[in-house]
Every structure is written in structure tokens, then in C-alpha cells.
Amino acid sequence: MTSLLEQIDSPLALRALDRAGLKQLASEIRTFLIQSVSQTGGHLASNLGVVELTIALHYVFNTPDDRLVWDVGHQTYPHKILTGRREAMAQLRKAGGIAGFPKRDESEYDTFGTGHSSTSISAALGMAVAAKAAGLNRRSVAIIGDGAMTAGMAFEALNNAGDMDTNLLVILNDNDMSISNNVGALNNYLARLLSGKLYDSVRRSGKKVLDIMPPVKEFARRAEEHAKGMVTPGTLFEEFGFNYIGPIDGHDLDVLIDTLTNIRQLSGPRFLHVVTQKGKGYLPAENNPNKYHGVSKFDPENGDSLGQPSSTPTYTQVFGDWLVDMAAADSKLVAITPAMCDGSGLNRFAETYPARYFDVGIAEQHALTFAAGMACDGLKPVVAIYSTFLQRAYDQLIHDIALQALDVLLAIDRAGLVGADGPTHAGSFDLSFLRCIPNIVIMTPSDENECRQMLTTGYIHRGTAAVRYPRGGGIGAKISPALSPIEIGKADIRRTGERVVIFAFGSMLKPALEAAAGCNASVVNMRFVKPLDTAMVIAMAQSHTHIVTVEENALMGGAGAAVMECLQAHHLVKSTLCLGLPDRFIEHGTHETMLAECGLDAIGIRAAIEKLISE
């Protein structure tokens with residue numbers, strides 16, 4: 001028997017359904033999501049939580065003409081399913097398949113490419129302004145989660161939007177609170193009332209009249225805020241210039257559709273507060289939404305992972321263990337994360353040293369300047385941050401930390417390619433944008449033990465330091481429990497060969513050694529990008545005819561460029577080759593296939609060396 005979901009290949013088909021059909025469709029989408037993601041991996045809990053909201057948005061708004069802008073985008077699987085990509089979900093996040101986030105070149109329904117948080121309101125406002133300039137009666141909707149509302153960029157956009165007469169709707173998807181009595185019949189009724197044309201007309205007309213009577217206007221404003229404040233938390237958004245509506249039950253399709261239908265007929269900036277539950281409809285995800293936020297393949301019957309547990313610790317785990325050990329040795333250590341406690345390996349530290357743990361929310365800029373302030377007055381901050389998110393705090397790193405040579409350690413996770421999450425989350429640029437900053441030490445560990453040593457080195461260094469390490473497991477190196485540093489700026493010869501020398505940085509040491517065995521090349525584990533071991537570079541350049549650098553970072557301005565600058569400065573003109581990430585964004589796939597695509601696996605490195613020698 002054909003399911004209802006199989007008959008829906010576009011929002012146009014969705015709009016032909018009655019309310020009973022829409023509710024059946026919601027149930028079928030949930031079942032499909034659980035089965036599909038159990039086979040591909042991906043984000044689950046967040047998607048289960050927005051099924052009804054997604055259906056209601058595409059039912060009420062004339063998409064793709066009306067613009068839906070999803071914040072972050074990890075909750076857009078129902079959106080993809082309803083916009084003609086249901087069958088493509090089988091290849092979700094795989095090489096050549098659809099992305100795990102919205103992509104403009106993937107579908108006309110993906111109006112804005114996302115992956116990082118808190119961009120939706122700014123983008124939707126821009127689209128609303130463009131529609132107004134073109135004289136179009138087009139609606140722009142930003143759907144943003146409560147976590148993303150912790151970022152300053154979201155409030156910058158709200159501040160701007162509230163002062164503009166544009167048709168913008170901001171929907172707050174609030175899944176941090178449970179659906180309780182305050183989101184019940186009374187609030188649902190009030191939402192319908194406050195979103196209706198009659199209330200809106202009276203509100204606008206009354207303000208025009210009261211504009212000529214300021215004292216009375218102020219009294220009326222306070223009275224309205226007080227009345228709303230008794231049943232809604234919307235005063236803050238009213239102050240930004242939005243008409244706040246809600247909170248409403250984000251799993252009640254009737255309420256969602258009625259409220260959105262009313263709002264679509266209104267003009268000006270509107271703010272709808274919707275309360276949902278992460279993992280809705282799947283008990284394991286309801287009970288543990290963090291665990292099921294991002295998942296690998298799992299058994300849909302019980303939620304158990306089907307992946308084989310790694311026999312080696314991940315770099316994230318190595319960092320987490322080091323942090324607890326170093327904190328025991330130094331009471332001045334404090335740890336800071338911008339909303340990535342679990343992802344950055346801070347759970348054990350947070351439990352062991354809660355008074356020294358600071359999760360600042362999705363606020364990377366604040367995280368770094370917060371760390372700078374701590375360092376000014378004697379604390380020793382360690383900032384645990386993904387490479388891709390560090391990009392958002394570049395000015396703070398330069399102006400607030402490095403310029404003042406402050407004692408801050410950056411533990412940079414997810415450096416290099418990150419597989420299925422794709423280019424939005426790849427740490428492709430950190431060596432390039434860090435290397436040009438004065439007063440900073442940059443380290444690239446090649447294995448788990450070296451990572452622990454470098455974290456210690458950076459921590460005891462008087463000044464700013466960064467250790468960048470990849471996602472996933474290491475190579476199985478034996479980890480010493482000691483908190484032992486290594487000499488700053490000192491490389492290590494790992495293989496002695498003839499003619500060719502490979503300067504390998506970080507994760508590229510292993511494939512470089514494998515490649516070198518086939519062409520009898522020397523291999524140097526460079527370890528430090530800054531300061532570079534110039535003595536080693538000069539010595540190896542003098543004893544070899546061909547020089548190769550390899551790094552899992554953008555070639556432009558990266559570690560290889562540092563070696564080339566050293567050779568040029570010392571007038572050592574040689575046959576050279578820099579291997580790294582090419583000047584384009586690398587699409588999602590497995591980490592192994594992505595490295596092979598870039599010529600950064602052992603086979604690719606050896607082929608490049610053989611070509612260099614033969615020329």
C-alpha cells in the first residue's frame with residue numbers, strides 16, 4: 001500500500017491535503033526519519049522536533065517564492081523530504097549525495113546556505129528588504145533555535161529588523177523547555193488572537209493616535225506589556241520592535257496552521273514563539289536528545305549504535321583527559337567553550353571542576369575576549385573550540401588576545417577535513433589565518449601522545465598558543481600520563497632517505513611516512529608551524545634535491561607557504577612541491593575519500609613525488 005508520504009513530492013502536493021492528512025503525514029515523516037537516519041547517520045533529535053512546524057510552514061507559505069531561512073540547518077531533513085528529496089535521503093551526507101545542511105545549489109527551496117548558527121534573521125531580513133525594493137509581496141521567515149538565540153549576531157539582526165518596516169517573521173523554535181501548562185489552551189487561544197487582523201489593526205491605529213500624546217502612549221505601552229507579560233515572555237522582543245506572539249505548541253498542527261495563516265496576512269516584523277520537543281516521537285531521542293543530536297548508524301528498534309567502537313581514543317578524548325589532569329596540577333586553569341561541551345570533550349572536566357568550567361553559549365567572539373579578561377587577572381584559560389567556529393572570533397583573537405600577548409591556550413578541534421559534515425564545518429583555514437598573527441605559537445600534533453605533550457607545552461608557555469588536531473581517532477600511539485612539554489619550534493626527523501625530503505605537518509605524518517617508503521624519501525615531523533624550525537628546513541634543503549610539504553589545510557598561506565618563505569629568505573632555490581587542500585571548498589564524503597580526492601593519502605602523495613622527480 002502506498003503511503004501518504006510517497007505521494008508528496010513538493011509543497012504544492014502537501015497543500016492539497018486536509019488537516020487529517022497532514023497529521024498522518026507528520027507521523028509518516030517521523031517513521032521515515034528514524035529509518036533513514038539509522039542507515040545514513042546524521043542529525044536526528046533536532047529533525048524529529050520540527051516535523052509539524054515544517055509541514056505548517058510549507059502548507060501556509062507559498063514556498064519557494066516565500067523564503068524560509070533555517071538557522072544552522074541541521075533540522076532541515078523534513079524540509080528536504082517535503083521538497084522533492086525524499087529518495088535522495090538514502091545518500092544523505094555521502095559523496096555525491098545531498099548535504100546534511102541547506103545548500104542553494106541543491107534546491108530552489110534552500111534559499112540560504114547554512115551550517116553555522118545565528119545567521120537566519122540577518123539573511124531573512126536582507127531578503128525582506130530585497131522584496132520590498134522590488135515591490136513584491138513576498139514573505140521572509142527565519143526559523144531559529146533557542147540555542148542560536150544566545151549569539152550576539154541574532155540580536156544585532158533583531159535590533160536592525162525591528163526598526164524597519166519589512167515583512168519579516170522570526171520563529172523561535174524553543175526546544176529547551178518542555179511543553180507544560182504555560183503552553184496550553186490559553187496560550188494557543190491568545191496566539192490566535194494576537195496574530196489576528198483585528199488586534200493588529202487596533203494596535204497600529206492606537207499607536208498612531210497615541211503618538212501625539214506621549215504620556216498616554218507610554219502608559220498604554222506599559223499596560224500592554226504588563227498584560228502580555230502575565231502570560232507570555234515576549235517583552236524583550238516587543239522592545240526590539242517586533243509584535244510577539246506565543247508561546248504555542250509546536251506539535252499542534254491546527255494551532256500552527258491557524259496562527260501562521262493569520263501572521264502571513266499581516267505586515268511588519270513579527271516574532272512567533274514555538275515550543276517543541278527534541279526527539280519527539282522516538283523515545284530514545286526524547287530521553288537523551290544530546291546523544292541523538294548527531295548519530296552514526298543505529299538500530300531503530302532500540303537506538304543502539306551499529307558502529308564498531310574505536311580501539312584508539314579520539315583526539316577529543318585525549319584533550320578531555322589532559323584537561324582534567326592539568327586542572328588537578330594547576331588550580332588557575334579554567335576551561336571555556338562556546339556551547340560545545342560534549343563535542344569538545346569537556347564533560348568530565350565540567351563534572352569534576354564545575355566552578356572552573358564556562359559554557360558561554362553560541363558566542364565565539366565573547367568566548368575569546370572573556371578568556372582575555374581572565375588572563376589579564378591571573379587565570380589560565382583554555383578555550384576549546386572547533387576550527388570552523390574559531391573563524392567567527394578572528395578579530396577577538398588578534399585584537400584582544402594576541403596583541404596583548406595574553407596567556408591563552410586555544411585547543412582547536414576538527415582541524416582539517418571533517419567528512420560528512422562537509423565544507424561548512426571543515427577546519428580548512430586555521431593554519432593560514434593563524435600563521436599571520438604575531439605573538440602566537442602554533443602546533444600540529446601527529447599522534448595522540450604528541451597532542452598531549454603539545455597541550456602541556458602551550459599551557460605552560462607564557463603567551464598565546466594554539467594546538468590544532470583532527471576529528472576522530474588517532475593512530476594508536478601509546479599515551480604517556482605525564483604532563484611533559486616539548487621544545488618549542490623543534491622538528492623531528494622520522495625517516496632518512498635520499499634526494500626527496502617531506503616536511504609533514506600534523507595528521508599528514510602517517511600518510512607521508514607510508515608514501516616515503518615507496519620512494520625512499522626523508523620525512524620530517526615538523527610539529528610547529530610557528531615558530532618554524534628554520535634550522536631543520538635549511539639543513540634538509542641543503543642535503544636533498546627535492547622538497548615536499550604536506551598539510552591538511554588550505555595551501556594558500558598555510559604551513560607549506562611558511563617553508564617556502566624560509567627557503568626563499570635563505571636563497572635556497574630548490575625543486576619544491578606543496579601539497580594541501582586546493583583552492584575550493586571540498587564537498588562532503590568520508591574523510592578517506594576526501595583526502596584521496598585532494599591527493600593527500602599515501603597513494604596521492606607518492607604519485608605527486610614521483611611526478612616531481614621525473615620532471
Who passes salt bridge (Lys or Arg N to Asp or Glu O under 4.0 Å) against [X], sequence neighbours left out?
X: Arg348; answer: Asp321
X: Arg86; answer: none
X: Arg138; answer: none

Among all residues two or more places apart in sequence or in another chain, which pass the side chain to side chain donor-acceptor pair (under 3.5 Å) test with [X]?
X: Asp342; value: Asn347
X: Thr352; value: none
X: His588; value: none
X: Asp18; value: none

For residues 289-299, tabulate all N or O donor-acceptor pairs below 3.5 Å that involve a side-chain atom, not counting sequence neighbours.
residue, atom, partner, partner atom, Å
Tyr292, OH, Gly303, O, 2.9
Asp299, OD1, Glu301, N, 2.9

Can you tell me which residue pairs pass the side-chain hydrogen bond (donor to acceptor under 3.5 Å, both in side chains) test with a partner in residues 36-47, sequence neighbours excluded?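 Passing the test, one end in residues 36-47: no pairs.
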Atom CG of Leu12 with >12 non-hydrogen neighbours under 6.0 angstrom: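 It does not: Leu12 CG has 12 such atoms or fewer within range.
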Neighbour count >12 (heavy atoms, 6.0 Å) for atom CZ, Arg19: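 Check passes, neighbour count above 12.
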Output side-chain donor-acceptor pairs under 3.5 Å for residues 149-160, partner residues at least two apart or in another chain, one line each.
residue, atom, partner, partner atom, Å
Thr150, OG1, Gly147, O, 2.6
Thr150, OG1, Ile362, N, 2.9

Between the side chains of Asp413 and Ser344, is a donor N or O closer than 3.5 angstrom to an acceptor N or O?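 Asp413 vs Ser344: no donor-acceptor pair found between side chains.
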Listing request: all salt bridge (Lys or Arg N to Asp or Glu O under 4.0 Å) pairs with a residue in residues 61-78, at least two apart in sequence or in separate chains.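 Of all non-adjacent pairs touching residues 61-78, those that pass salt bridge (Lys or Arg N to Asp or Glu O under 4.0 Å) are Asp66-Arg264.
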Would you list the pairs meeting salt bridge (Lys or Arg N to Asp or Glu O under 4.0 Å) in which at least one residue belongs to residues 43-57, sequence neighbours left out?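 Applying salt bridge (Lys or Arg N to Asp or Glu O under 4.0 Å) to every pair that reaches into residues 43-57, excluding sequence neighbours, yields Arg30-Glu52.
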Centroid-to-centroid, His425 to Phe101, below 6.0 Å?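 Close enough - the centres of the two rings lie under 6.0 Å apart.
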